[in-house]
Participant: 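Sharing a structure, written as structure tokens. Questions coming.
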Amino acid sequence: MQDRKTASGAEVPAASDRWTGRPIERFEDASLLTGQQRYIDDIGVPPGTLHAAFVRSPHAHANIEYLDVRAALASPGIHAVITGRDIKRYTRPFTVGVKAPMEHWSLAIDRVRYQGEPVAIVLGETPYIAEDGAALVTTSYVPLPAVVDTLEAMNPDTILLHDALESNVIADRQFVYGDPTAAFDTAPHTIQVDVCYPRNSVTPIECNGVIASYHAGDSSYEVTSNFQGPFALHPVMAMALQVPGNRLRLISPPASGGSFGTKHSVFTYIVALCVAARLSQRPVKWIEDRLEHLMAATSATSRMTTLKAAVDINGRIAALDWDQIDDCGAYLRAPEPATIYRMHGNMTGAYNIRHLAVRNRNVLTNKTPSGLVRGFGGPQVYFALERLMHRIALALHIDPIEVIKTNLISSQDFPYRTASGGSYDSGDYTGVVQKALDSGFLACLEEHRSVARAAGRCYGIGLAAIVEPSISNMGYITTVLSADERERAGPKGGAVATATVSVDALGGVSAHIASVPQGQGHVTVIAQVIADSFAISPDEVLVNTELDTGRDAWSVASGNYSSRFSGAVAGAAHMAAQRLRRRISEIAAAHFGCEADDIIFANGRIGSRTGNTSIPFRRLAATSHWAQATLPQGMHPVIRETVFWSPDVLAPPNSDDEINSSAAHGFVFDICGVEVDRETGRVTVKKYLTVHDAGLLLNPALANGQIRGGFSNAMGAALFEHFKYGPDGSFLSGTFADYTVPTAAEIPDIEIVHFETASPVTPLGAKGIGEGNCMSTPVCIANAVADALGIESIELPLTPSRLQSMLADKEPPPPPSHPMANDDLPPELQKYTVVGNGTTIVPMPPHRVWSHLLDVESLRSIVPGCQSLENFGNHEYRGRMALGVGIVKGAFDVSVRLKNLNPKSSLTLLGEAAGPLGVSKGEAIVRLAADTNGARVDYHYGFDLSGKVASIGGRMIKGAACLLIAEFFNRLASHEGPSAASRGTPKSRWQSLLLLLRTRIREFFSGGNK
Amino acid sequence: MKPAPFDYVQARSLREAVDLVAQYGPDARLLAGGQSLIAMLNMRLVTPRILIDISEMSASAYIRTSDDHITIGCATRQSEVERWPELKRYAPLLLLVLPWIGHIQTRSRGTICGSIAHADPSSELPLCLVLLNGQVDLVSAERTRTIDGAAFYDGVLQTARRSGEVISQVRFPLLPPSYGVAFNELGQRRGDFAIVAVAAIATSDTIRLAVAGASDRPETCELGVMSGKDLDDSLNAFAWSLNCQDDLHATARYRRQLIRALGRKTIEEALACRS
């Protein structure tokens, strides 16, 4: 517990007999670390279970012309193929918190809107057979222009993702609190930042998994999945399946391999697989693979923010004006638009700012739908707000720490009501910041910075002060509706936490909570909390974290999200234990002949303050099972207590759009020092201090685990992770070599300090601590890097390549001997993602080259891997090719059309290819000229590529394409047409290779010369 | 991410491996360590009819030394070479390079020859083969031939190895003790594919430099011993000559920058460690 410092504010009761607050070791770890825990994929399935494989769209945007499942169905071991048509028959579109005519189904119907969108489910006897079957489903698509850029999506002339919508902007709300206009009018300075937060995620080791069954007897669905909430999605699933809530039994196993929010995304699959189980009359199992998870599960929203502050000359902020645009992907999927509203009550962060304007827009683009990711809305908000604080300091030549201190909410103002209706339950922000400064950490970094800069090194310091909300208000999402719409829909609010504590026939204590852990250590903390109520040891308490909606107590707020465990779930468990303790006290009072208030629990025994005797807790606690006659008159048996607790501070949004979006609010203050290598652009985080006040800590060791975990995720967001899409909407980050999650080797050690200001709102005075660093760390590091580089604008992730180009505004020019960059890219090729050009010399006159290019026989032998090619007239050819580079090979259906034919001088080739590895579309412009050695062939080409190979092959695609295209022209050069046959010896592979090398040497990509 | 069906056979000897390759031709794939191939199988980028596992051929798992080279058999794991006590003496460059190849877990399965055969443009071992101008011995049912490292790579995942051939072993020449070697690499994370990797050999009058990750194969250049602006200019010319590409992780410009920066650093280190 070396990190823990003396608490300021309310002291933790130091009673050594209390388990709560102690950093005890986790009970979970032995089973987790020795492979004894059971995860979704380890759970046995009923006999006859079929395995599902999804057929997914290789296009970001396309109409589905037809789906041919015959070959798949005819394949041995395949039992059924479920398509959008079946989904339409048995389900309804998913409901979402915005009133808009957008239809989102669990399988695409008629149109696909993101790469990876599921279009069919193939059910086979094994996962292997199912995947073999999925490769046999033929889908014919008519591609549509993809809307990828957020601003482009908002352009009224852009193609609509959903024809029934008037705009791709599916929600647009403006809020005004106080009088921001007047504040901006009178302020001496308006300071603004324009920032983007990227699409990223926090990726669990275990991906989504579902085992679904349909019980015809009672027309009910039973699902075991690693779904972890929010259980507000249970009614969304039941409504989609068109069954009452009690006909959808949802079971979550007691452990999962992580979620970080992302596993909420399993809910659309649950609905699709329920239909599959019903139609196949078999249980159905599906385990998501990594490519599916990265490509199509979920993502944090990317957000474009313009944030302005009305500031006086001392850096004091009078008003904020937010303009936030969230890219929510192809469908607004529940719980969206929650990312943008989760923070609505705390848009002024840790600062006392009374005037506030907010505009929130949610935009649809051809990308994977966004959703819950650890930090949820916080990283986006604080990246703007804390960059703004840094910018204010720069603009006004004030030390950044002074700007923060000047604006912090002062300690006597708690509970503090924010401009937008948030209620900060407790805190001592100025005290925490002052104590962090008193430690000398910042002064030490400032010294490091002077030394480093004097030596010509690039060193910077970053700060961030943030409010960490926890225990989300179930009603905050309705802030997206107008007050009238809310009135009609009925008020929504609260956040019910549920816990059950029971005693068994031998006096053993068990607990059940409606929150499935993702690795946080729920079992340990609940056992600590309950042990204190009965003065027993935590290892005597058995904690059950499975959740079964058909059997257990739960409510819509149940689940593991919004850092609600410590404040709400552990609090409810404490209340249930206290209620049981009170009733056992009454039984004990009857036994000892005293008042219940005189009963004491100590060392596993129950006794009376007034007498000297005591009996074992176990014996008395079991009384209700065995000896009801000994209970006090009129007392019901005391066996089990369930508590439903909701914080009373979570009212629905009021008519002025004020909302307390979370019940508890912690505080985080971070300071870091970074160094950026001038030559490589690599960032090293040299020192990092994170100071937390998350109320009373239930287990400081676990709290530190949350901080270190959140910090690691945030290092990913700051420096490494980004879901990238091509301009055609192709998804490019489909493996962990492309989506680069930092490993232990990339995470520096950090210093952690805790302060504990009890929350008056939660039963144990605790607040959430799971997400704070996901919110504070990305911007703290960004501020430090901006300081190091002396730049205003900064974009995440801070990759070496990006930073190096900022460090050196231009690179040394090529030597004079270097061939000049190819800047004559024909305009018709500029729309393509990959472009290139080359030149080859063909040892035959141009007219003969021309005749080969127009002759289907010749083309068959020139086109690499050509298996068949037929002339469909009008210079149109179709066929099949086995294209490959190295060991990679894939079959493609290919169509080629020639146009712009200028005999013997130029032509354009338009081509399309589609196969299980992906789809591609492109063109090549070929020019012929006479050369002393025959014909000189100049070619320019451009193509787009999407589907699997684009998602996983990013590193090598250009090189591979170069090779294939060069091979085509090489084969043309070495082609032995009928007229050339007389010239004798066919070229050997060696000669071909030499030609290929020659071609390659002459070749350069325009992309390579930027 | 489940592979398409395939048959699996474990070859007990090089002879058997060659016979199997001859029998199945292009439908067969050799499984040497599987650290790239298995992932590609799962992605169905590769769908062979048969996998011929050559990694358990005990007679081909060796490190042999002679007066002028070391020879590594096709079943020798990277970790075995990494742990070989004589590595510093016989192959100081491999000593520097091996810890950068993937992770300790992948090196315990991956083989030296498998990596050389796979021809990933970012890989470190092909870089060493080309820089040292080692040799690759290829065996087929018909004959045995040897290819110089400099001529082995044709492009992304492409080598001079033909269908029907198995790499039986590779040879790395020993360097005189007076030569200095150095290696540097920059990837996103520890163990990642290199954005650029640079290795250099310095003698009293020449510097030989090789880079991986910049082009579709390892590329080399020879420089006289130089420093200062001359060295910077030469590295810049080399960087521009390489047809660097943009990809997900880095721009072409950044790759050229790394060739200039890591190139100079690596050359300086190589010069400094000459004895």
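Letters A, B, ... are given to chains in the order of the sequence lines, protein chains preceding strands, and every chain is numbered from 1. These numbers come from a predicted model, not from an experiment.
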Participant: Just wondering, do A:Leu719 and B:Gln188 contact through their side chains at under 4.5 Å, heavy atoms?
Facilitator: no
Participant: So which part of A:Pro127 gets closer than 4.5 Å to some heavy atom of chain B, the side chain, the backbone, both or neither?
Facilitator: both
Participant: Taking every non-hydrogen pair under 4.5 Å, which of B:Ala4, B:Gly213, B:Gly191, B:Pro5 racks up the most with chain A?
Facilitator: B:Pro5
Participant: Where do B:Asp192 and A:Thr740 come nearest, in terms of heavy atoms and distance?
Facilitator: OD2-CG2, 4.1 Å
Participant: Identify whether the distance between the nearest side-chain nitrogen and carboxylate oxygen of B:Asp247 and A:Lys724 falls below 4.0 Å.
Facilitator: no
Participant: I'd like to check A:Thr799 versus B:Tyr254 (side-chain heavy atoms, cut-off strictly below 4.5 Å). Are they in contact?
Facilitator: no
Participant: Taking side chain as everything from C-beta outward and backbone as N, CA, C, O, which of these in A:Ala745 sits under 4.5 Å from a heavy atom of chain B? Side chain, backbone, both or neither.
Facilitator: side chain
Participant: Side chains of B:His249 and A:Ser801: does their closest heavy-atom pair fall under 4.5 Å?
Facilitator: no
Participant: Under a 4.5 Å heavy-atom cutoff, which of A:Ala960, A:Ala808, A:Pro742 has the most pairs with chain B?
Facilitator: A:Ala808
Participant: If the condition is side chain to side chain contact (heavy atoms under 4.5 Å, CB included), which residues does A:Ala134 pass it with, not counting sequence neighbours?
Facilitator: A:Ala53, A:Val55, A:Val122
Participant: Once rounded to the nearest 0.5 Å, what's the spacing between atom NZ of B:Lys2 and atom CD1 of A:Ile287?
Facilitator: 8.5 Å
Participant: Under 4.5 Å heavy-atom distance to chain B, tell me which part of A:Leu917 shows up: side chain, backbone, both or neither.
Facilitator: side chain
Participant: Applying salt bridge (Lys or Arg N to Asp or Glu O under 4.0 Å), name anything that partners A:Asp289, two or more places apart in sequence or on another chain.
Facilitator: none
Participant: Give me the contact list for residues 27-43 of chain B versus chain A, heavy atoms only, anything under 4.5 Å, ordered by residue number.
Facilitator: B:Arg29, B:Leu37, B:Met40, B:Asn42, B:Met43
Participant: Against chain A, label B:Ala119 side chain, backbone, both or neither, depending on which of its atoms sit under 4.5 Å from a heavy atom there.
Facilitator: neither
Participant: Using side-chain heavy atoms (C-beta onward) and a distance below 4.5 Å, is A:Pro815 in contact with B:Trp240?
Facilitator: yes
Participant: At a heavy-atom separation under 4.5 Å, does B:Leu186 approach chain A through its side chain, its backbone, both, or neither?
Facilitator: side chain
Participant: Can you find a heavy atom in the side chain of A:Asp132 that is under 4.5 Å from one in the side chain of B:Arg44?
Facilitator: yes
Participant: In terms of heavy-atom pairs under 4.5 Å with chain B, which of A:Pro813, A:Gly884, A:Gly953 leads?
Facilitator: A:Pro813
Participant: Quick check: does any side chain N or O of A:Arg682 sit under 3.5 Å from a backbone N or O of B:Gly187, one acting as donor and the other as acceptor?
Facilitator: yes
Participant: List the atom of A:Val741, the atom of B:Arg189, and the distance in Å for their closest heavy-atom pair.
Facilitator: O-NH1, 2.7 Å
Participant: Between B:Thr251 and chain A, with a heavy-atom cut-off of 4.5 Å, which part of the residue counts as in contact: side chain, backbone, both or neither?
Facilitator: both
Participant: What part of B:Arg260 gets within 4.5 angstrom of chain A, counting heavy atoms only: side chain, backbone, both, or neither?
Facilitator: side chain
Participant: Tell me, side chain or backbone of A:Ser817 under 4.5 Å from chain B's heavy atoms, or both, or neither?
Facilitator: neither
Participant: Most heavy-atom pairs under 4.5 angstrom with chain B, which of A:Gly890, A:Gly681, A:Ser805?
Facilitator: A:Ser805
Participant: Give, as side chain, backbone, both or neither, the part of B:Pro3 having an atom under 4.5 angstrom from any heavy atom of chain A.
Facilitator: both
Participant: Output yes when a side-chain donor or acceptor of A:Glu746 lies under 3.5 Å from a complementary backbone atom of B:Arg190, and no otherwise.
Facilitator: yes
Participant: Less than 4.5 Å to any heavy atom of chain B: does that hold for the side chain of A:Ile952, its backbone, both, or neither?
Facilitator: side chain
Participant: Minimum heavy-atom separation for A:Val949 and B:Leu45, please, with both atom names.
Facilitator: CG2-CD2, 4.0 Å
Participant: What part of B:Leu248 is in contact with chain A, defined as an atom under 4.5 angstrom from a non-hydrogen atom: side chain, backbone, both or neither?
Facilitator: both
Participant: Heavy-atom pairs under 4.5 Å with chain B: which of A:Ile887, A:Leu732, A:Ile129 has the most?
Facilitator: A:Ile887
Participant: Scan residues 797-808 of chain A for pairs that pass salt bridge (Lys or Arg N to Asp or Glu O under 4.0 Å), counting only residues two or more places apart or in two chains.
Facilitator: A:Glu795-A:Arg802
Participant: May I ask you to say whether A:Glu679 pairs ionically with B:Lys265, meaning some side-chain N is under 4.0 Å from a carboxylate O?
Facilitator: no
Participant: Run A:Thr680 and B:Gln257 through side-chain contact (heavy atoms from CB on, under 4.5 Å) and show every step you take.
Facilitator: CA-CA 8 Å; A:Thr680 63; B:Gln257 167 62 18; over 6 Å; no
